[in-house]
A.B. asks: 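First, the structure itself, so that you have it in front of you.
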2 protein chains.
Amino acid sequence: MNAQPDLTRNQSLVLDTLSHADGPLSAYTILDRLRDDGFRAPLQVYRALDKLTELGLVHRLESLNAFVACIQPHSHEAGTVVAFAICETCGQVDEFSDEQVAERLSGWAAGHGFHPHKTTIEIRGTCATCSH
Amino acid sequence: MNAQPDLTRNQSLVLDTLSHADGPLSAYTILDRLRDDGFRAPLQVYRALDKLTELGLVHRLESLNAFVACIQPHSHEAGTVVAFAICETCGQVDEFSDEQVAERLSGWAAGHGFHPHKTTIEIRGTCATCSH
DNA sequence: ACTGGATATGTAATGATATTACGTATCGTG
DNA sequence: CACGATACGTAATATCATTACATATCCAGT
Ligand SMILES: [Zn+2]
Ligand SMILES: [Zn+2]
Ligand SMILES: [Zn+2]
Ligand SMILES: [Zn+2]
């Protein structure tokens, strides 16, 4: 599925777990799901998550303290801003980018001498399916 | 219209602590600073923070698991989206609103049948002062 | 004033998330 | 092979947040 030749065994296991999940998973949930694969300690998960996040294959949802697999790997080019719509009812997460949002925020930063390193945009709410 | 209930003693103490702080404080840091005022348990802080957040006097920074006093209580009408620029060097936080960002995000939501409840925008980076 | 419900508080215990410390193993390159 | 960089294993600890239950206080309706 998400087999990445350059990933280690632990990293692949964590990524596969996230890719097959219905929604965001906490590090400890991932740990529990990988007990049978030899995972014993949180650090094994966090280290894999750190690397996967660095590679852009996984995103951390700050408002949930949880992680999701990226829907489509994107580059780490400057100005890349990703937003997430998180349904509080079913847990589904939608990832999207909006160039105008990115430009407005970087515009504010430029006007204030602020140098962005990472931007978090998370919309909590109710998805279309759950609104019926 | 803007009926502002009087704050309780605990709520006032927590708000004062945040208002006089240099930057965001964690709940446990607030607790430590209020030991002399009789605070003994985390829940005393969390309950006050919940109420203050509900009143719009305090914001939670999701990417820090910390809290700041609001700089502009009056700008928080319904639907207002607030953004934060957080300096990772000195900890200073700048709060601002951008109507176009809010419109783009609500536009995306409308187009996808998503009903936003709360939106988090946090820019981590380096402030002007720390960039010199 | 009495009373009953809503709200606020005090305290202990527990749960949930994340990092530090230290040692070993594996990999890639000269 | 030597050796530095990277990954891994494990335990302990640190940090953040909630549950449970008992008391206290406030306040409107009587
Ligand atoms: Zn992505
Ligand atoms: Zn949903
Ligand atoms: Zn504010
Ligand atoms: Zn700074």
Side-chain angles (χ1 to χ4, degrees), chain A residues 3-18 21 23-55 57-68 86 88 91 93 118 120 122 124, chain B residues 3-18 21 23-55 57-68 86 88 91 93 118 120 122 124:
Chain A
Q4 299 280 337
D6 55 333
L7 296 181
T8 67
R9 168 178 156 83
N10 284 4
Q11 289 159 15
S12 295
L13 286 168
V14 168
L15 181 56
D16 282 349
T17 301
L18 281 174
L25 299 180
S26 75
Y28 278 75
T29 299
I30 295 170
L31 173 59
D32 286 340
R33 295 192 183 183
L34 290 175
R35 293 277 182 197
D36 293 342
D37 294 290
F39 274 53
R40 305 289 304 156
L43 195 51
Q44 294 174 291
V45 178
Y46 282 111
R47 285 202 274 229
L49 287 171
D50 282 349
K51 191 64 177 179
L52 292 169
T53 298
E54 186 185 320
L55 293 173
L57 301 173
V58 161
H59 298 291
R60 173 183 172 80
L61 299 179
E62 302 288 353
S63 68
L64 293 179
N65 291 338
F67 303 83
V68 288
I86 304 168
E88 292 176 325
V93 174
K118 187 195 178 212
T120 296
E122 297 177 15
R124 303 281 293 269
Chain B
Q4 172 98 314
D6 288 332
L7 297 180
T8 66
R9 170 180 155 83
N10 284 5
Q11 289 159 15
S12 295
L13 287 168
V14 169
L15 182 56
D16 282 350
T17 302
L18 282 174
L25 299 180
S26 75
Y28 277 74
T29 300
I30 295 170
L31 173 60
D32 285 341
R33 296 192 183 183
L34 291 175
R35 294 277 183 198
D36 292 343
D37 293 291
F39 274 53
R40 304 290 305 156
L43 196 51
Q44 294 174 289
V45 179
Y46 282 112
R47 287 202 274 229
L49 287 171
D50 283 350
K51 191 64 176 180
L52 292 168
T53 300
E54 185 185 318
L55 294 172
L57 300 174
V58 161
H59 298 292
R60 172 184 172 80
L61 299 179
E62 302 288 353
S63 68
L64 293 179
N65 291 339
F67 302 83
V68 287
I86 304 167
E88 293 176 325
V93 175
K118 188 194 177 214
T120 296
E122 297 177 16
R124 304 280 294 267

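Naming: A, B, ... by sequence-line order, numbering from 1 per chain.
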A.B. asks: The criterion is salt bridge (Lys or Arg N to Asp or Glu O under 4.0 Å); which residues satisfy it with A/Arg60, sequence neighbours excluded?
C.D. replies: A/Glu62
A.B. asks: Report yes if at least one side-chain N or O of A/Asn65 is closer than 4.0 Å to OP1 or OP2 of C/dA16; otherwise report no.
C.D. replies: no
A.B. asks: Enumerate donor-acceptor pairs with a distance under 3.5 Å from any side-chain N or O in residues 25-36 of chain A to protein atoms, sequence neighbours excluded.
C.D. replies:
unit_1, atom_1, unit_2, atom_2, d
A/Ser26, OG, A/Tyr28, N, 3.4
A/Ser26, OG, A/Thr29, N, 3.1
A/Ser26, OG, A/Thr29, OG1, 2.9
A/Arg35, NH1, A/Arg40, O, 3.3

A.B. asks: Compute the bend angle of the helix from C/dA1-D/dT30 to C/dG30-D/dC1 from the end axes (five pairs per end), rounded to 10°.
C.D. replies: 30°
A.B. asks: When the distance from CG of A/Asp6 to P of C/dG28 is rounded to whole Å, what number comes out?
C.D. replies: 12 Å
A.B. asks: Nearest 0.5 Å, what's the CG-CZ distance between A/Leu13 and A/Arg9?
C.D. replies: 5.0 Å
A.B. asks: How many angstroms lie between NZ in A/Lys51 and CG in A/Leu15, if you round to the nearest 0.5 Å?
C.D. replies: 14.0 Å
A.B. asks: How far does CG of B/Leu61 sit from OG of A/Ser63, to the nearest 0.5 angstrom?
C.D. replies: 12.5 Å
A.B. asks: Test of understanding: with salt bridge (Lys or Arg N to Asp or Glu O under 4.0 Å), list the residues that count as partners of A/Glu122, not counting sequence neighbours.
C.D. replies: none
A.B. asks: For the atom pair NZ (A/Lys118) and CD1 (B/Ile86), what is the distance rounded to the nearest 0.5 Å?
C.D. replies: 11.0 Å
A.B. asks: Specify the separation, in whole Å, of atom CG of A/Leu7 and atom C1' of C/dC27.
C.D. replies: 16 Å
A.B. asks: Please enumerate all residues that pass salt bridge (Lys or Arg N to Asp or Glu O under 4.0 Å) together with A/Arg124, with sequence neighbours excluded.
C.D. replies: A/Glu88
A.B. asks: Say you draw a straight line from CG of A/Asp37 to OG1 of A/Thr17; how long is it, rounded to the nearest 0.5 Å?
C.D. replies: 7.0 Å
A.B. asks: Please list all pairs passing the salt bridge (charged side-chain N to carboxylate O under 4.0 Å, His left out) test where one or both residues lie in residues 41-50 of chain B, with sequence neighbours left out.
C.D. replies: none
A.B. asks: Round to the nearest Å and state the distance from A/Leu64 atom CG to C/dT17 atom P.
C.D. replies: 10 Å
A.B. asks: I need the B/Leu49 CG to B/Leu57 CG distance, nearest 0.5 Å.
C.D. replies: 11.5 Å
A.B. asks: Distance under 4.0 Å to a non-hydrogen atom of chain A counts as contact; along DNA chain D, which nucleotides mark the start and end?
C.D. replies: D/dA7 to D/dT10
A.B. asks: Each nucleotide in nucleotides 6-13 of chain C should get exactly one letter: B, S or -. Can you fill that in based on protein heavy atoms under 4.0 Å?
C.D. replies: --SBBB--
A.B. asks: Roughly, in whole Å, what's the span from CG in A/Leu49 to P in C/dT17?
C.D. replies: 13 Å
